[in-house]
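Report on the following structure.
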Amino acid sequence: MRQSKLFTKTRKEAPKDEVAKNAQLLIRGGYIYKEMAGVYAYLPLGLRVMNKIVDVIREEMNAIGGQEVSLTALQDKATWEKTGRWSDAVVDNWFKTKLRNGSEAGLAFTHEEPLTALMKDFISSYRNLPAAVYQFQTKFRNEERAKSGIMRGREFLMKDLYSFSKDEAEHADFYEKAKAAYVRVFERLGLGDRTYVTFATGGSFSKFSHEFQTVTDAGEDLIYVDEEKKIAVNKEVLDDAVLKDLGLDRSKLVEKKAVEVGNIFSLGTRFSDAFELTYVAEDGKPKPVVMGSYGIGPGRVMGAIVETLADDKGIVWPESVAPFAVHLIALDDKAGKVKVAADALYEKLVAKGIEVLYDDRDARAGEKFADSDLIGIPTRYIISEKTLAEDSVEEKDRKTGQVKMVAIKTL
Ligand code: ATP
Ligand code: MG
C-alpha cells in the first residue's frame with residue numbers, strides 16, 4: 001500500500017472527548033473513527049489489524065473443531081422470552097426496536113438463545129454430539145459507561161463459540177480444550193505474558209467461570225495474581241473458602257487492574273432446558289444437551305494491545321497483528337534517485353508476499369518518522385541518498401529502537 005494513496009491521515013490531536021489512550025492513539029493513527037461514544041468505525045489500517053486478530057482466533061477455534069456460522073443481529077422477541085431474558089429488568093443493556101407491524105425485535109447482545117433454538121433443528125441423537133459452533137458477529141449493548149475506547153463499545157465485534165455436549169464429562173473435556181486454545185490465542189496475539197487465566201463467578205452450573213484478564217491500568221476489573229502459578233482470582237469471588245479451594249495463599253497474591261479479554265463459561269442445561277434441546281442417548285432415553293459459551297472481543301483485544309504495548313511515541317504492534325510487516329520510508333532526494341530505488345524495492349518486497357506500507361509521500365523526514373512511530377509497524381526500512389551509497393536500507397525495530405544497515409540485495 002502506497003501511503004500517498006491511503007485516504008486516512010494521521011492527526012496530532014485526538015477528539016477532546018476521547019479519554020481512553022487506546023482510542024486516542026488509534027484515532028490519531030487513522031485506524032478508527034469515532035462515530036459517537038462507544039461506537040467506532042474501522043478504517044483501512046484498523047480493519048487490517050482487526051482481521052489479523054480474527055484470523056488467529058479463527059485458526060484456534062477451527063483447531064478444536066469449531067464450525068463457523070454467522071447468526072443474525074436482529075433478534076426475535078419470542079426466542080428471548082423463553083429464558084426470561086427479553087425483560088429489561090433482567091437484561092438492562094438491550095437495544096430494542098419496533099417493526100412496522102408493531103411487534104418488537106432486539107439487537108443481539110449475545111447469542112445463546114437464538115443458537116440453542118437453531119440447534120434444535122440439527123441435534124436429536126447422540127450421534128449429533130458433541131458440536132461446537134462459533135461466529136464473529138456484531139453485538140449491541142447499551143453500556144452505561146463507554147469511556148474505555150474500543151475496549152468497551154456499545155457496538156462491537158465478538159467471537160462467541162457455543163459447545164453442545166452429551167454430558168458433563170464430555171463438556172469438561174471440551175471446556176479444557178477451549179481453555180488451552182484461549183491461552184494459545186493470547187500468546188499469539190502478543191498478550192501472553194500479561195494475560196492470566198482468572199477464576200470468576202460460575203453462575204449456577206459450575207463453581208467458577210474462567211476469564212482471561214490482561215493486566216493494564218486501563219482495565220476496569222481487579223484481579224489477584226499468583227505470579228508463580230500464572231493464575232489469578234477475580235475480586236468478585238475472592239474469599240477464604242475460594243482461596244483454600246484453589247490452594248492459593250493470600251499473602252502471595254498481588255492486586256492488579258486488568259481487562260477481561262475473553263471468558264469461558266459452563267452453561268449446564270439452562271438453555272437446553274428452556275428450549276427443550278434434548279437428544280436420544282445410546283440407551284434410547286431423551287437427555288438434555290450440556291452447553292458452554294466461550295467469548296473473545298477482538299476489538300477489546302486490539303485496545304488492550306495498544307494500551308499495554310504502546311510507548312510515548314505511539315503504537316507498537318506485535319508482528320502477528322500489525323497492519324503491515326514493513327514500513328518502507330523513502331527520504332527523497334532532488335535528483336529522484338531514491339524514489340526510483342524505493343519504488344523498485346517496494347515492488348520486490350510485495351512480489352515476495354511481504355506486506356509493506358510504503359511512505360512515498362512528499363513530506364519531511366521528521367514528519368515521516370513521527371507518523372511511522374505513531375502507526376507502529378514492527379520493522380522500518382529507511383531508504384535515502386545516504387543508505388543508497390551503501391546499496392542498503394537502514395532497518396529500525398519499532399519496539400527496541402535498534403538500528404542496522406541491511407544490503408538491499410539481501411531483502
Ligand atoms: P464485561 O464484564 O467487561 O462487561 P462481559 O462479561 O459482559 O464483559 P461477555 O458477555 O462474556 O463480557 O463477552 C465476551 C467477551 O466480549 C468479553 O470477554 C470481551 O472480550 C468482549 N466484550 C464484552 N463487552 C464488550 C464491549 N462492550 N466492548 C468490546 N468488547 C466487549
Ligand atoms: Mg465479565
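One-based numbering, in listed order, for ligands and for the atoms of each. What's counted below: heavy atoms across the whole structure, side chains too, no hydrogens, waters or symmetry copies.
Residue Asn263 has at least one heavy-atom neighbour below 4.0 Å for each of these atoms of ligand 1: 6 (O), 11 (O), 18 (O). Annotation for ligand 1: atoms under 4.0 Å from non-hydrogen atoms of Gly262 are 18 (O).
Cation-pi geometry between Lys96 and Trp86 is met: under 6.0 angstrom from the ring centre, within 45 degrees of the axis.
Looking at Phe156, Tyr40, Phe140, Phe265 and measuring to atom 30 (N) of ligand 1, the nearest heavy atom belongs to Phe156. Taking all heavy atoms of Arg300, Glu236, Glu143, Arg141 into account, the minimum distance to atom 7 (O) of ligand 1 is reached by Arg141.
Between Lys244 and Asp240, no side-chain nitrogen of the basic residue sits less than 4.0 Å from a carboxylate oxygen of the acidic one, so the salt-bridge criterion is not met. Salt-bridge check for Lys252 with Glu227: failed, with every basic side-chain N at 4.0 Å or more from each acidic carboxylate O. A salt bridge between Lys139 and Glu155 is absent, with no side-chain N of the basic residue lying under 4.0 Å from a carboxylate O of the acidic one.
Looking at ligand 1, you won't find any N or O of Met158 less than 3.5 Å from one of its N or O atoms. Polar contact check, Gly153 against ligand 1: a nitrogen or oxygen pair lies under 3.5 Å apart. The shortest N or O to N or O distance between Ile150 and ligand 1 is not under 3.5 Å.
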- Message: Pair Ser372, Arg380 - check side chain to side chain donor-acceptor pair (under 3.5 Å), show working.
- Response: CA-CA 8 Å; Ser372 179; Arg380 180 188 302 174; 2.9 Å; yes
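Between Val261 and ligand 1 there is a heavy-atom distance shorter than 4.0 Å. Using a 4.0 Å cutoff on heavy atoms, Glu211 does not count as a contact of ligand 1.
The aromatic ring centres of Phe199 and His210 sit less than 6.0 Å apart.
Between Tyr358 and the choices Phe324, Tyr381, Tyr346, the ring-ring contact (aromatic ring centres under 6.0 Å, His included) rule is met once, by Tyr346.
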